[in-house]
**Student:** 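Following this message is one structure expressed as C-alpha cells.
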There are 2 protein chains.
Amino acid sequence: MYSPELIKGTLQTIVLSLLSENERMYGYEITQHVKDRTQGEIQLTEGALYPTLHKLEADGLLTTEKVSIGKRVRKYYRLTENGNKQANDKVNEFRRFSETMNDLLNSFTPNPELSWLS
Amino acid sequence: MYSPELIKGTLQTIVLSLLSENERMYGYEITQHVKDRTQGEIQLTEGALYPTLHKLEADGLLTTEKVSIGKRVRKYYRLTENGNKQANDKVNEFRRFSETMNDLLNSFTPNPELSWLS
DNA sequence: AAATATGCATAATATTCTTAAGTATAAGAT
DNA sequence: ATCTTATACTTAAGAATATTATGCATATTT
C-alpha cells in the first residue's frame, strides 16, 4: 500500500475515469475494481469514497439510479456530460502532473551515503 | 498550475529529494528552484512549505543552521541520515505510485461523446 | 452456526493545504 | 528620493479531504 497522503487528491480522478470506461458502477464495485487493477496497492476506503460520490453527484457530474438486488438496494452511478468532460480533464491533468513530478525528481538517484549528511 | 489537491502529499517528497541533490537549501530557495524546474507549474506556497520544513526538522529528518546575510537571517536545511533514507523511500514510492496510477488510468482514452451519457 | 463478503452511510478526528496577515531587509525602477 | 518588487521567515484561521470507527443490513461461504 502507498502512504495515504499520496493517494489524496486522486480519488475523484480515479472514480471519474472508471465511470468513463464503464457505463455505470456502484460504490463497492469501484473499490473492488481499483483493488484488483492495482494488485491491492490502492485500496479505497468507504469513508472516503461515498462522500466523494455524493459530492460528485451534488456537483452535477454524476447521476444515480437505485436498483434492487433481492432485498438490498444498490446505487449505481453514471457520468453526466459535464462529468465526462471533467473525467477527460482530470485524467489529462494527472498525466501531466506525473510527468512534471518525475522530471523534477529525475535528477534524483538513490544514494545511501551522501558525503554531507549530518 | 495544477489543481492543489494533486500536489497534496508530494511536498515532503519534493523537499527531501531537492535536499538530496543539494547539500543545503533555504526555504525561499526551494520555492524558486521548484518553480524554475517545473516552468511554474508547481509553485509551493510559504504557508505550506515552512510548516513542512519545521515538521521534517522536528521528525529528525533535517537539521538547520542560521546564516546572516547582511541584516537578514537565512535558515538553511540539510538532510540527516534518516532524512536521506526517507528521501530515497519517498521518491521511490512516488515513482511506483505514478506507475500504478498511470496503469489504472491507462485504459482511459479521452472521449468527448460516450453513448451512455445522461 | 459462524464467519466472511457485499453494500451503503455518516460522525469524529487528523492531516495538510490555502489564504491571509504580520514582520523586515534588499534591490530595482521612476 | 520613493515606490514597487523581490527576498525571507513565521504563524493563525479556515477549507478540503482523508482516516478511523461505527452503525446498519443482507448474502454467501465454511
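Chain letters run A, B, ... following the sequence lines, proteins first, then strands; residues in each count from 1.
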**Student:** Does the pair B:N102 and A:S98 meet the rule for a side-chain hydrogen bond (donor to acceptor under 3.5 Å, both in side chains), with working shown?
**Tutor:** CA-CA 9 Å; B:N102 278 303; A:S98 121; 3.2 Å; yes
**Student:** Tell me yes or no: between the side chains of A:S3 and B:E93, is some donor less than 3.5 Å from an acceptor?
**Tutor:** yes
**Student:** Check whether any side-chain nitrogen or oxygen of A:T52 sits under 4.0 Å from OP1 or OP2 of D:dT17, and answer yes or no.
**Tutor:** no
**Student:** Nearest-Å distance, CG (B:L44) to P (D:dC9)?
**Tutor:** 13 Å
**Student:** The side chain of B:P51 is closest to which nucleotide in this list: C:dA5, D:dT11, C:dT16?
**Tutor:** D:dT11
**Student:** Once you apply a heavy-atom cut-off of 4.0 Å, does A:G27 come out as touching a base, just sugar-phosphate, or nothing?
**Tutor:** sugar-phosphate
**Student:** Could you state the interatomic distance from CD (B:E5) to CZ (A:F97), rounded to the nearest 0.5 Å?
**Tutor:** 10.5 Å
**Student:** Atom NE2 of B:H33 to atom P of D:dA6: distance rounded to whole Å?
**Tutor:** 20 Å
**Student:** Does atom CD of A:E99 have more than 12 heavy-atom neighbours, drawn from other residues, nucleotides or ligands, at distances under 6.0 Å?
**Tutor:** no
**Student:** Considering only side-chain heavy atoms of A:E5, which listed nucleotide, C:dT16, C:dC8, D:dA8, is closest?
**Tutor:** C:dT16
**Student:** Can you tell me which nucleotide in C:dA24, C:dC8, C:dT18 comes closest to the side chain of A:Y50?
**Tutor:** C:dC8
**Student:** Considering only side-chain heavy atoms of A:R72, which listed nucleotide, C:dT18, D:dA27, C:dC8, is closest?
**Tutor:** D:dA27
**Student:** Can a side chain N or O of A:Y26 be found less than 4.0 Å away from OP1 or OP2 on C:dC8?
**Tutor:** no
**Student:** Determine: side-chain N/O of B:R74 to OP1/OP2 of D:dA8, distance under 4.0 Å, yes or no.
**Tutor:** yes
**Student:** To the nearest Å, give me how far apart CD1 (A:I7) and P (D:dT20) are.
**Tutor:** 11 Å
**Student:** Please state how far atom CG in A:L53 lies from atom P in D:dA18, giving the value in whole angstrom units.
**Tutor:** 11 Å
**Student:** Counting only heavy atoms not in A:E65, do more than 12 sit closer than 6.0 Å to its CD atom?
**Tutor:** yes
**Student:** Using a heavy-atom distance cut-off of less than 4.0 Å, which residues of residues 54-68 of chain A contact DNA chain D?
**Tutor:** A:K55
**Student:** How do B:K8 and A:Q43 order along DNA chain D: which one's closest nucleotide is nearer the 5' end?
**Tutor:** B:K8
**Student:** Would you indicate which nucleotide in D:dT10, D:dA27, C:dA5 comes nearest to any side-chain atom of B:K75?
**Tutor:** D:dT10
**Student:** Does any donor atom in the side chain of A:R78 or A:Y76 lie under 3.5 Å from an acceptor atom in the other side chain?
**Tutor:** no
**Student:** Checking contacts here: which listed nucleotide (D:dT10, C:dT6, C:dT15) is nearest the side-chain heavy atoms of A:Y28?
**Tutor:** C:dT6
**Student:** When the distance from CG of B:L49 to C1' of C:dT18 is rounded to whole Å, what number comes out?
**Tutor:** 14 Å
**Student:** Side-chain contact, heavy-atom cut-off 4.5 Å: A:Q12 with A:K55?
**Tutor:** yes
**Student:** Does any part of the side chain of B:R24, heavy atoms only, come nearer than 4.5 Å to the side chain of B:V67, both counted from C-beta?
**Tutor:** yes
**Student:** Would you indicate which nucleotide in D:dT19, D:dA8, C:dC17 comes nearest to any side-chain atom of A:A48?
**Tutor:** D:dT19
**Student:** Any luck finding a side-chain donor-acceptor pair between B:T63 and A:S118 under 3.5 Å?
**Tutor:** yes
**Student:** Could you give the CD1-to-P distance, from B:I69 to D:dC9, as a whole number of Å?
**Tutor:** 10 Å
**Student:** Would you say A:T31 reaches C:dC8's phosphate, i.e. side-chain N/O to OP1/OP2 under 4.0 Å?
**Tutor:** no
**Student:** Could you work out how much the helix from C:dA1-D:dT30 to C:dT30-D:dA1 bends, comparing the axis of its first five pairs with that of its last five, to 10°?
**Tutor:** 30°
**Student:** What is the distance, to the nearest angstrom, from the CD atom on A:E46 to the P atom on C:dA5?
**Tutor:** 13 Å
**Student:** C:dC8 C1' sits how many Å from A:Q32 CD, rounded?
**Tutor:** 14 Å
**Student:** Under 3.5 Å, is there a donor-acceptor pair linking the side chains of B:T64 and B:E57?
**Tutor:** yes
**Student:** Does a sphere of radius 6.0 Å around CD in B:Q32 hold more than 12 heavy atoms from other residues, nucleotides or ligands, not counting ones at 6.0 Å or beyond?
**Tutor:** yes
**Student:** Can you tell which of C:dT19, C:dG7, D:dT10 lies closest to the side chain of B:T45?
**Tutor:** C:dT19
